[in-house]
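Everything on this sheet refers to the single structure shown next.
Scope of the values below: all heavy atoms of this structure, side chains included, with no hydrogens, waters or symmetry mates. Numbering of residues begins at 1 and proceeds along the displayed sequence.
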Amino acid sequence: MDAAASNRPVGVLLCLVIALSGVVFTDAELRRFPHPSKDDGSLSLLVVGDWGRNGEYNQSQVAVQMGIIGEKLEVDFVISTGDNFYDRGLKGTDDPAFEESFSKIYTAPSLQKEWYSVLGNHDYRGDVEAQLSPILRKLDNRWICLRSFIVDTEIVEFFFVDTTPIVDKYFIDPEDEVYDWKGVLPRRNYISNLLKELDSAIKDSNAKWKIVVGHHTLKSAGSHGDTQELLHHLLPILEENKVDFYVNGHDHCLQHISSISSPLQYFTSGGGSKAWKGEINWMDPKELKFYYDGQGFMSLQITHSQANFTFFDIFGNLLHQWTSTKPLLHSVI
């Protein structure tokens, strides 16, 4: 009997034990999507969140301006910060909401690029597996949505993080909502594996810029405010690994917050549709650099030495601009 054959009963038994224990083991590494930058090494993209409402609440108007700005900037792709389909995600892969809220809304030629998307808490109220299904990409080849993954453009790595399972209230006090936790339970194992994989991936990164994308706020002056679980679990990883920017949605606004304890900058782009909540928690102006309680989106243009963030409203007006620079590295002769 060969060695492989002799080990089969042990393997079968191990699989049975794992299945009965209910423990979820994830891959050792987050899935990676290579995406080329422009010939000159630069990258341009748009960021929008909290949008999927069949074109209503100015979603269509935001989409029009995204198309116009996207053409001017020659964007390489789009990032969605979650809550992609209201009010309760998708019902299945054949849910017409996918076309009515996505394919038929973002029709501009400049937006016919990859859309890298994370899940929001509203997405977890529907059929999560449907939203993650490759069937949707057959319906619209722009759609790329996973729980957590990496987009590698060489100059910058984007680390997309599934933040919803980290937030306690969806488990402890879901109110009248039902969340789809398939693939997440047992929760403690899921969060532990996710954070370990994220920490390892950022540590291994040689990219000039490192950006983490999640749905929930870390710091926010909006109605949801700071997310305490992320401050406890996620922020230490970002600060230890010198992540440059954290980009999120969740609060239906546009905002820029500057950390006073580290170089980390926080950008919220959650104005894809319904907004105007009229709530703001005033912060130290040393932290809160910009806050707009309305619809809009954000652009990012990045080179080896500079990252330029710009916020736009539904009329295409420039609301806020901020630039970060890094020195170019020169080889020693």
Side-chain angles (χ1 to χ4, degrees), residues 44-123 125-126 130-131 136-137 139-145 213 215 222-223 247-255 267-278 291-300 309-320:
S44 180
L45 60 122
L46 300 179
V47 183
V48 65
D50 305 83
W51 42 267
R53 297 183 185 271
N54 300 311
E56 298 178 355
Y57 295 97
N58 287 333
Q59 183 193 359
S60 294
Q61 287 87 335
V62 172
V64 168
Q65 293 302 326
M66 287 176 63
I68 295 171
I69 299 300
E71 182 176 357
K72 290 180 179 178
L73 301 183
E74 299 182 352
V75 296
D76 298 287
F77 57 85
V78 179
I79 286 177
S80 170
T81 57
D83 276 1
N84 307 311
F85 302 99
Y86 285 96
D87 204 23
R88 295 177 176 86
L90 294 178
K91 297 177 181 177
T93 54
D94 58 351
D95 190 333
F98 180 71
E99 290 192 351
E100 297 298 328
S101 287
F102 177 61
S103 298
K104 293 181 179 179
I105 301 297
Y106 303 101
T107 57
S110 66
L111 304 182
Q112 306 309 303
K113 309 289 176 64
E114 286 87 349
W115 280 59
Y116 296 108
S117 308
V118 291
L119 297 169
N121 52 296
H122 283 268
D123 299 312
R125 296 176 183 178
Q131 198 168 149
L136 295 187
R137 195 167 192 200
L139 297 175
D140 192 319
N141 62 11
R142 296 176 292 172
W143 186 252
I144 300 176
C145 183
V213 180
H215 175 65
S223 59
V247 177
N248 62 273
H250 196 45
D251 267 335
H252 296 185
C253 63
L254 307 174
Q255 68 178 325
F267 295 92
T268 297
S269 184
S273 59
K274 189 176 183 180
W276 303 111
K277 288 193 174 185
Y291 186 89
Y292 179 69
D293 185 23
Q295 293 106 340
F297 59 98
M298 183 179 79
S299 71
L300 169 59
F309 292 83
T310 307
F311 288 95
F312 300 91
D313 67 11
I314 62 170
F315 303 107
N317 296 318
L318 191 157
L319 301 175
H320 174 71

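- Nearest heavy-atom pair, Gly67 versus Ala108, reported as atom, atom and distance to 0.1 Å: CA-CB, 3.5 Å.
- Rounding to the nearest 0.5 Å places CG of Asn58 at 4.5 Å from CD of Gln295.
- Looking at heavy atoms from C-beta onward, Met298 lies out of side-chain contact with His320 at the 4.5 angstrom threshold.
- Under the side-chain hydrogen bond (donor to acceptor under 3.5 Å, both in side chains) rule, Ser80 has a single partner from Trp51, Tyr116, Trp115, which is Trp51.
- Between Leu136 and Leu90 the shortest side-chain heavy-atom distance falls below 4.5 Å.
- With hydrogens and angles ignored, the 3.5 Å screen pairs a side-chain donor or acceptor of Lys113 with a backbone N or O of Val75.
- Closest heavy-atom contact between Arg142 and Gln112: NH1-NE2, 3.3 Å.
- Closest non-hydrogen pair, Gln255 versus Phe311, comes out as O-CZ, 3.4 Å.
- Rounded to the nearest 0.5 angstrom, Ser117 OG and Asn84 CG are separated by 5.0 Å.
- At a threshold of 4.5 Å between non-hydrogen side-chain atoms, the residues Val78 and Met66 count as touching.
- Distance check, rounded to the nearest 0.5 Å: CZ of Phe312 to CG of Leu46 gives 8.0 Å.
- The environment of NZ in Lys72 is sparse: at most 12 heavy-atom neighbours from other residues, nucleotides or ligands sit within 6.0 Å.
- The side-chain contact (heavy atoms from CB on, under 4.5 Å) check on Asp83 picks up Asp50, Tyr86, Asn121, His122, Asp123, His215, with sequence neighbours excluded.
- Using a 4.5 Å cut-off on side-chain heavy atoms (C-beta onward), Val62 and Ser273 make no contact.
- Taking OG of Ser44 as the reference point, atom CG of Leu300 lies at 7.5 Å (rounded to 0.5 Å).
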Solution key, residues 96-103 side-chain donor-acceptor pairs under 3.5 Å, sequence neighbours excluded:
{"residue": "Glu100", "atom": "OE2", "partner": "Lys104", "partner atom": "NZ", "Å": "3.1"}
{"residue": "Ser101", "atom": "OG", "partner": "Asn54", "partner atom": "N", "Å": "2.8"}
{"residue": "Ser101", "atom": "OG", "partner": "Asn54", "partner atom": "OD1", "Å": "3.1"}
{"residue": "Ser103", "atom": "OG", "partner": "Asp140", "partner atom": "OD2", "Å": "2.7"}

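- Around the OH atom of Tyr57, the shell of radius 6.0 Å holds no more than 12 heavy atoms that belong to other residues, nucleotides or ligands.
- For the atom pair CD of Gln61 and CD1 of Ile105, the computed distance is 9.5 Å after rounding to the nearest 0.5 Å.
- Donor-acceptor pairing under 3.5 Å is recorded for the side chains of Thr268 and Asn248.
- Looking only at side-chain heavy atoms (C-beta outward), Trp143 and Gln131 come within less than 4.5 Å of each other.
- Under the side-chain contact (heavy atoms from CB on, under 4.5 Å) criterion, Tyr292 pairs with Leu254, Trp276, Phe290, Asp313, Leu319, sequence neighbours left out.
- Separating the OG atom in Ser223 from the CG atom in Asp293 is a distance of 8.0 Å, to the nearest 0.5 Å.
- The nearest pair of heavy atoms linking Val118 to Val213 is CG1-O, 4.3 Å.
- Of the possible polar contacts, none joining the Glu74 side chain to the Gly70 backbone as a donor-acceptor pair under 3.5 Å is found.
- When every heavy atom of Gly272 is checked against every heavy atom of Val48, the shortest pair comes out as CA-CG2, 3.7 Å.
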